[in-house]
Chemist: 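One structure, as structure tokens, below. Some questions next.
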Amino acid sequence: MSSYGTQALAHLFGILAIILLLVWLLDFREGIDYDSDNGFRVFNVHPLMMFMGFIFLGGEAILSFQTIPSQRQTKKFFHMMLHLISIILGIVGLCATFKFHNMMGFPNVYSLHSWIGICTFCLSGLQWLVGFVTFMFPRAADRTRARVVPWHVAGGRALLFMAVCAAETGLMEKYGFLRAKSNLQPHQRESYLINFTGLAILLFGVFVDLSVSIRRNSV
């Protein structure tokens with residue numbers, strides 16, 4: 001399969017995951033509203049921002065060097081800006097879950113999902129800052145940039161999979177809560193919807209990474 005095919009599949013599964021997530025949050029759950037008095041509507045901002053904002057835009061930023069038909073410096077700019085927007089939306093998503101926990105009296109940062117998510121988010125911010133200083137402004141020397149590039153690429157790929165892992169553990173954590181509190185059964189439509197959403201997110205990450213791998217091996 002060519003890198004064009006893997007890029008197309010990455011876009012397809014990313015968009016599919018967003019659609020499935022919106023159907024779940026709007027049709028099966030309480031809706032989405034950060035300023036609501038209903039804590040569950042506030043919480044639903046979290047999965048939307050963390051996938052559509054943080055993971056999807058982060059994956060698109062990784063693909064931008066292949067998908068944007070322009071000069072390399074322009075590609076770098078879009079790569080940096082997409083990652084920056086993804087981090088900003090990720091902050092909104094994190095604030096939503098802390099707000100929800102405070103509204104409901106729940107403890108913060110106690111689960112494996114939250115540990116993976118916080119570590120991924122903090123490392124992503126550090127990755128963006130190092131990348132900006134090294135490649136954009138003030139910009140390191142050519143030799144330094146050449147040494148940093150492989151680590152920057154590898155770090156970005158690792159962080160994407162950490163983000164996907166955080167999303168998958170988050171879906172399973174939410175599913176466990178729904179089974180315990182809402183009597184959600186394994187073979188109901190909502191259960192299947194959650195599983196298909198998780199599969200779409202996983203395949204999005206897989207095909208983004210394959211696109212990078214195929215392109216680097218073909219150079």
Side-chain angles (χ1 to χ4, degrees), residues 6 8-60 86 89-90 92-121 124 159-210:
T6 55
L9 287 171
H11 297 316
L12 173 65
F13 284 114
I15 293 169
L16 178 62
I18 292 173
I19 293 171
L20 293 175
L21 191 59
L22 286 171
V23 170
W24 179 40
L25 298 177
L26 295 175
D27 287 353
F28 288 85
R29 293 292 98 210
E30 299 78 6
I32 305 165
D33 184 358
Y34 187 89
D35 295 320
S36 175
D37 293 329
N38 183 333
F40 295 103
R41 290 172 65 87
V42 175
F43 173 80
N44 288 344
V45 174
H46 173 71
L48 182 64
M49 290 295 101
M50 298 316 290
F51 177 71
M52 188 176 73
F54 189 60
I55 299 177
F56 180 73
L57 286 183
E60 291 297 320
S86 77
L89 294 178
V92 175
L94 287 175
C95 289
T97 195
F98 282 113
K99 181 179 180 180
F100 167 71
H101 283 191
N102 292 336
M103 290 174 70
M104 305 298 288
F106 295 159
N108 289 309
V109 196
Y110 66 91
S111 65
L112 177 62
H113 163 67
S114 61
W115 287 16
I116 295 172
I118 290 292
C119 287
T120 304
F121 189 80
S124 295
L159 286 169
L160 176 64
F161 272 107
M162 288 176 66
V164 168
C165 183
E168 303 294 354
T169 54
L171 285 172
M172 287 298 92
E173 185 176 304
K174 181 66 174 180
Y175 177 71
F177 286 144
L178 291 176
R179 286 205 64 186
K181 301 295 184 181
S182 304
N183 199 31
L184 179 64
Q185 298 302 310
H187 296 292
Q188 290 181 344
R189 290 173 61 194
E190 184 175 2
S191 299
Y192 287 127
L193 181 59
I194 293 171
N195 286 346
F196 279 119
T197 302
L199 284 174
I201 292 172
L202 175 63
L203 290 172
F204 170 72
V206 167
F207 283 109
V208 169
D209 190 72
L210 280 176

Chemist: Would a 4.5 Å heavy-atom cut-off, applied to side chains only, mark M49 and F54 as touching?
Modeler: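 With C-beta onward as the side chain, the pair stays apart.
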Chemist: Hey, are the side chains of E190 and L184 touching, using non-hydrogen atoms and a 4.5 Å cut-off?
Modeler: yes
Chemist: Which heavy atom of I116 sits nearest to which heavy atom of T120, and what is that distance?
Modeler: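 Looking at all heavy atoms of both residues, the closest pair is O-OG1, 2.7 Å.
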Chemist: Can you sort out the partners of S111 under side-chain hydrogen bond (donor to acceptor under 3.5 Å, both in side chains), two or more places apart, ordered by chain and number?
Modeler: S114, E173
Chemist: Taking the side chain as C-beta and beyond, is there a heavy-atom pair between F40 and M103 under 4.5 Å?
Modeler: no
Chemist: Answer yes or no: is there a side-chain heavy-atom contact under 4.5 Å between D33 and D35?
Modeler: yes
Chemist: Rounded to the nearest 0.5 Å, what separation is found between the CG atom of L199 and the CG atom of L171?
Modeler: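 Rounded to the nearest 0.5 Å, the CG-CG separation comes out at 10.0 Å.
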Chemist: Verify, without hydrogens or angle tests, whether N102 (side chain) and F98 (backbone) share a donor-acceptor contact under 3.5 angstrom.
Modeler: yes
Chemist: Does the side chain of R179 come within less than 4.5 Å of P186's, by heavy atoms?
Modeler: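 Heavy-atom side-chain distance check passes, below 4.5 Å.
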Chemist: Please verify the inter-ring angle class for H187 with Y192; under 30° counts as parallel, over 60° as perpendicular, anything in between as tilted.
Modeler: tilted
Chemist: Would you please test I194 and L178 for side-chain contact (heavy atoms from CB on, under 4.5 Å) and show each step?
Modeler: CA-CA 11 Å; I194 293 171; L178 291 176; 4.2 Å; yes
Chemist: Decide yes or no on ring-ring contact (aromatic ring centres under 6.0 Å, His included) for F43 and F100, but give the supporting numbers first.
Modeler: CA-CA 5 Å; F43 173 80; F100 167 71; 5.1 Å; yes
Chemist: Check whether any side-chain heavy atom of L159 sits under 4.5 Å from a side-chain heavy atom of M162, and report yes or no.
Modeler: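 A side-chain contact exists here, since the closest heavy-atom pair is under 4.5 Å.
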Chemist: Say you draw a straight line from CG of N44 to CG of L22; how long is it, rounded to the nearest 0.5 Å?
Modeler: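 Output value for this atom pair is 10.5 Å.
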Chemist: Heavy atoms, side chains only, cut-off 4.5 Å: are K99 and Y34 in contact?
Modeler: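 Counting from C-beta outward, K99 and Y34 do come under 4.5 Å.
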Chemist: Find the distance between CG (L21) and CD1 (I18) and round it off to the nearest 0.5 Å.
Modeler: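 If I round to the nearest 0.5 Å, the distance is 8.5 Å.
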Chemist: What orientation do F106 and H101 show, parallel under 30°, tilted 30 to 60°, or perpendicular over 60°?
Modeler: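 F106 and H101: perpendicular rings.
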Chemist: Under a 3.5 Å cutoff, is there a donor and acceptor pairing between the side chains of E168 and H113?
Modeler: no
Chemist: Would a 4.5 Å heavy-atom cut-off, applied to side chains only, mark L202 and F13 as touching?
Modeler: no
